[in-house]
Every structure is written in C-alpha cells, then in structure tokens.
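Reckoned from all heavy atoms, side chains included, excluding hydrogens, waters and symmetry mates. Naming convention: chains lettered A, B, ... in sequence-line order (proteins, then strands); numbering from 1 in each chain.
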There are 2 protein chains.
Amino acid sequence: MEEREISQAVIRRLPRYYRYLGELLEHGVERISSNDLSRRMKVTASQIRQDLNNFGGFGQQGYGYNVKYLYTEIGKILGLEEDHRMIIIGAGNLGQALANYAAFEKRGFILKGIFDVNPRLAGMTIRGVPVRMIEELGEFVKDNEVEIAALTIPKDKAIEVAEFLVVNGVRAIWNFAHTDLNLPEHVIVENVHLSESLMQLSYKINRFNKEHKK
Amino acid sequence: MEEREISQAVIRRLPRYYRYLGELLEHGVERISSNDLSRRMKVTASQIRQDLNNFGGFGQQGYGYNVKYLYTEIGKILGLEEDHRMIIIGAGNLGQALANYAAFEKRGFILKGIFDVNPRLAGMTIRGVPVRMIEELGEFVKDNEVEIAALTIPKDKAIEVAEFLVVNGVRAIWNFAHTDLNLPEHVIVENVHLSESLMQLSYKINRFNKEHKK
DNA sequence: TAGATTGTTAATCGATTAACAATC
DNA sequence: TAGATTGTTAATCGATTAACAATC
C-alpha cells in the first residue's frame with residue numbers, strides 16, 4: 001500500500017483540531033459536522049474533510065463526526081497515547097515555565113529531569129523534579145532512555161549540547177535556542193524561535209502602518 | 001501601483017534571513033550570493049531571490065548581495081527601525097522569561113510594564129521594570145500608548161484581557177495563551193502555542209516509529 | 001571583455017477549494 | 001424514504017523551482 005506523505009501544513013493544523021474538539025467535548029457536544037466546525041475554526045469545511053481523510057474516514061454521511069471518537073483518534077495520530085520521557089536543559093525562566101506547565105504531563109510528556117550549568121541551582125526542585133548538573137547529562141539520558149529534550153539555553157551551547165544528546169540516544173529536540181541545529185536526518189527537531197515570532201508581529205504592524213500611510 | 005500581497009510563507013522566512021545575515025555580518029562577511037546563502041540555509045537560491053524581490057532589488061548582478069545593506073533593509077521591512085512600546089501581562093515564569101530577554105530591547109521592543117493579578121508580586125521588579133497590578137492596566141496602556149501586549153496568562157482570562165486591551169488602544173497581541181482570540185480585523189495577533197508545537201514534535205516521533213514498525 | 005549572478009518570466013508542483021456521487 | 005453530510009474526485013489557486021536574458 002502506498003504511503004502518502006502528510007504535508008507540514010496538515011501537521012500544523014492537527015493540534016488545533018485537537019484543541020477545538022477537546023473544548024467541544026468539555027462542553028458536552030456529542031457530534032459535529034465539518035461545516036459547523038469550519039465556522040468555529042474559520043477554515044473551510046472542505047479543508048477539514050481533506051485533512052482528516054489523510055488519516056482515515058472518521059465521519060459518517062448524514063451524521064458528521066462523533067466528537068469523542070474524533071478527539072481520541074487525533075490524539076492517537078499525534079502520538080499522545082504513548083508516554084514520552086522528556087528532559088529540560090536550562091533551568092532559567094523559560095525552562096522553569098515549561099517544567100511548571102503541568103498540562104504536558106496529562107498528554108503523556110513525562111518530565112524526567114532538568115539540567116543546568118549553574119551550581120547555585122543544584123538541589124533546587126521544580127514540581128518535584130530536581131535540577132541536576134550538566135555533568136550528569138550523558139549518563140542520565142542513557143539510563144532513563146530520554147526521548148525528548150527541550151533546549152532553553154543560549155545558542156552557542158545549544159549546538160554542542162544537541163549533538164551530545166543525540167549521541168546519547170535522544171530522538172527529538174524541542175529547540176528554543178536562537179539557532180538552527182544541524183543534526184542527522186533521523187533526529188526530529190521542532191523549533192520555537194520566539195524572537196522570530198516577535199519579528200513577524202512587528203512586520204505586520206509595520207505593513208499596516210505603511211498601508212494606512214501613517 | 002499595484003500592491004502585491006506578501007504571503008504568510010514569505011513573512012515567516014524573513015526573520016530567518018535576518019538572523020543568518022546578522023551572523024554573517026558578525027563574522028565579517030561582506031557579500032554573499034543567493035547560491036552561497038542557499039547552501040547555508042538549506043533553501044533554494046531561487047526562493048531567496050524570489051522572496052527578496054517581493055520587496056525590491058537588493059542585489060547586483062555578478063556580485064550578489066551586500067550583507068550589511070541587505071541586513072539593514074530586511075530590518076526595515078520587519079519594522080525593527082522603529083521603537084515598539086510593549087507590555088507583558090502575566091508575571092509568571094514565561095512572562096519573566098520574556099521580560100528578561102534583553103535582546104528584544106536592541107531590536108526596538110521597549111518593555112514599558114509588566115502586569116499580574118497576584119498582589120504578592122506587587123513591587124517586584126524585572127530588569128528595572130516594576131510589576132504592576134492588573135487594575136492599573138487600562139490607564140497605563142492609554143497613558144503610555146502601548147502598541148504590543150504579550151499575553152502569558154491562562155486562556156479564560158486571556159480572551160477578556162485581550163478585548164480590554166484593544167479597547168484601550170493596543171494594536172497587536174503576542175498571544176501565549178492556549179486559545180484563539182477572536183479580535184477585530186485590524187488587530188494583529190501572533191500566536192505562540194507551545195503545547196501545539198510539542199504535539200507536532202510528538203506527531204513526528206509517532207510517525208517515525210510507525211514507519212520503522214517498532 | 002568574460003564571468004558571475006541577479007531579477008524575472010515560465011514551468012512545475014502542491015495545497016486549497018469546489019462539486020457531487022455515495023451513503024448513512 | 002428524504003435530508004444531511006461525508007469521502008473523494010476534479011478544478012483552481014498559489015507557491016516553489018527552473019531557466020535564462022539582463023547586466024554588473
């Protein structure tokens with residue numbers, strides 16, 4: 001059977017479907033049509049049906065989609081049924097923010113450790129997880145079969161740490177450092193470049209100003 | 001003259017060009033060809049030239065692009081030449097992380113205030129900026145002509161606060177809350193949905209696992 | 001001048017939208 | 001059954017890549 005490659009655009013939309021379906025579920029909505037959902041989400045109904053049919057026929061003609069079922073299925077597609085062992089490197093504000101975000105845990109992202117170079121943070125605990133010194137990193141990653149590492153450290157450090165992590169078996173990097181990580185093909189990298197996000201915002205302000213010849 | 005609308009895809013790439021050019025500049029590189037840049041950035045040279053030509057002819061045949069000039073021009077396009085008055089709402093870890101990110105300031109994003117509901121944070125200062133109580137928000141925003149507000153508060157609060165900000169003249173919202181903000185057309189919203197980013201990562205791990213029939 | 005590289009047009013590719021037969 | 005709505009094919013639109021004449 002032919003493997004159809006899922007486009008990046010579709011992947012980006014999946015978590016948003018998941019979020020809307022979760023909210024519908026919370027509000028006790030049992031079923032929803034692509035048309036109804038399209039109005040709420042401000043995308044076309046056609047796109048919703050196309051997106052979902054990349055993964056299977058989750059709906060029923062004349063009925064629509066069962067919210068609970070679709071929510072669960074998208075959860076499976078997103079890999080939220082399995083647990084993911086995760087660490088955070090960099091116990092600064094951003095690292096702490098991630099560590100404190102309890103909702104990750106209920107989606108299966110298990111925080112196994114937090115690491116930092118600053119010896120003054122040694123012994124500190126965030127949500128019950130101790131901050132460890134970076135020297136322990138290699139061994140810890142291997143012993144705990146860490147799958148995901150979030151990097152909230154400066155860019156120069158990030159590159160070498162990422163390579164070190166990969167050597168020690170980490171499969172995926174959630175990269176908050178302001179740099180690209182050029183890692184081997186099989187390593188999954190998800191970038192969160194906050195400064196670039198802010199520049200996109202600023203671009204839009206700037207363009208708006210020009211269009212309204214301020 | 002016809003106004004060509006710039007696609008979202010191009011806007012997303014601009015800050016990355018800016019980052020690479022900044023690094024080249026730091027390394028004393030004077031000029032670069034689209035071909036050379038394409039190899040470094042792992043995009044096609046054709047795309048680089050197309051993207052840039054949306055905004056003007058910044059290069060020279062037979063020479064390439066002057067790094068410093070192009071860097072400056074992209075900075076202008078991104079609106080980094082003007083100052084942007086900004087506030088942060090929510091002085092938790094994430095809000096503090098943003099406040100502490102000093103590099104924003106050098107790009108023209110001036111942090112005017114930080115707000116929170118928690119009275120225990122009153123009087124606290126982050127990088128010289130005092131944390132204010134949310135009650136002062138409306139007046140402060142008007143008095144200081146705040147342009148951008150970063151929202152690092154829970155989703156239920158975020159929706160109402162965003163509307164309140166817009167009423168008081170805020171032009172753009174940098175939204176970290178896990179919800180969409182349905183604001184008037186003219187308001188610029190830039191979403192940073194960390195949980196969705198993590199789910200995209202998890203999707204890719206999941207797909208990899210399936211493809212390698214683990 | 002000859003060589004290099006842009007700016008730009010044309011070709012290709014992929015994603016979105018529209019339409020509708022299938023079917024619950 | 002009649003009405004509703006999906007799954008899916010076809011049409012359209014837009015973005016990316018290729019090609020090359022213009023020109024530094």
Return the nucleotide paired to D/dC20: Watson-Crick means purine N1 to pyrimidine N3 with N6-O4 or O6-N4, wobble means G-U with N1-O2 and O6-N3, both under 3.5 Å. C/dG7

C/dG7, D/dT17, C/dT23: which one has an atom nearest the side-chain heavy atoms of B/S46? D/dT17

B/Q61 atom CD is separated from C/dT6 atom P, nearest whole Å, by 9 Å

So which nucleotide does C/dG14 pair with, by the Watson-Crick or G-U wobble rule with both distances under 3.5 Å? D/dC13

Hydrogens and angles aside, do B/N191 and A/R16 bring a side-chain donor and acceptor to less than 3.5 Å of each other? no

Quick check, are the ring centers of B/F104 and B/H84 under 6.0 angstrom apart? no

Expressed in angstrom and rounded to an integer, what is the separation of B/I48 atom CD1 from C/dG7 atom C1'? 14 Å

Quick check for you: among D/dA15, D/dC20, D/dT6, whose closest atom lies nearest to any side-chain atom of B/R49? D/dC20

Below 4.0 Å: OP1/OP2 of C/dC24 and any side-chain N or O of A/Y65: no

A/F140 ring center within less than 6.0 Å of A/F115 ring center: yes

State plainly whether the residues A/E190 and B/K204 are in salt-bridge range, i.e. N to O under 4.0 Å. yes

Rounding to a whole Å, what distance do you find between B/I32:CD1 and C/dT5:P? 11 Å

Can you tell me the distance, in whole Å, between the CG atom of B/D51 and the P atom of C/dT8? 14 Å

Please give, in whole Å, the distance from C/dT16 P to A/N54 CG? 10 Å

Is it the case that the side chains of A/K76 and B/N206 hold a donor-acceptor pair, with the cut-off being a distance below 3.5 Å and no angle test? no

To the nearest Å, how far apart are A/N35 CG and C/dC20 P? 17 Å

If you look at every strand shown and take non-hydrogen atoms under 4.0 Å, does B/R13 touch a base, only sugar-phosphate, or nothing? sugar-phosphate

Sorted by position of nearest nucleotide on DNA chain C, 5' first, the leading residue of A/Y63 and A/T44 is A/T44

Side-chain N or O of A/Q47 versus OP1/OP2 of C/dT16: is the shortest distance under 4.0 Å? yes

Between P of D/dA15 and CG of B/L14, the distance in whole Å: 14 Å

Which of these nucleotides, C/dA15, C/dG7, D/dG7, is closest to any side-chain atom of A/S7? C/dA15

How many Å lie between CG on B/D36 and C1' on C/dT6, as a whole number? 15 Å

Under 3.5 Å, is there any donor-acceptor pair linking the side chain of A/Q50 to the base of D/dT6? no

Look at the side chain of B/A9 and decide which nucleotide, out of C/dC24, D/dG7, D/dT16, has an atom nearest to it. D/dT16

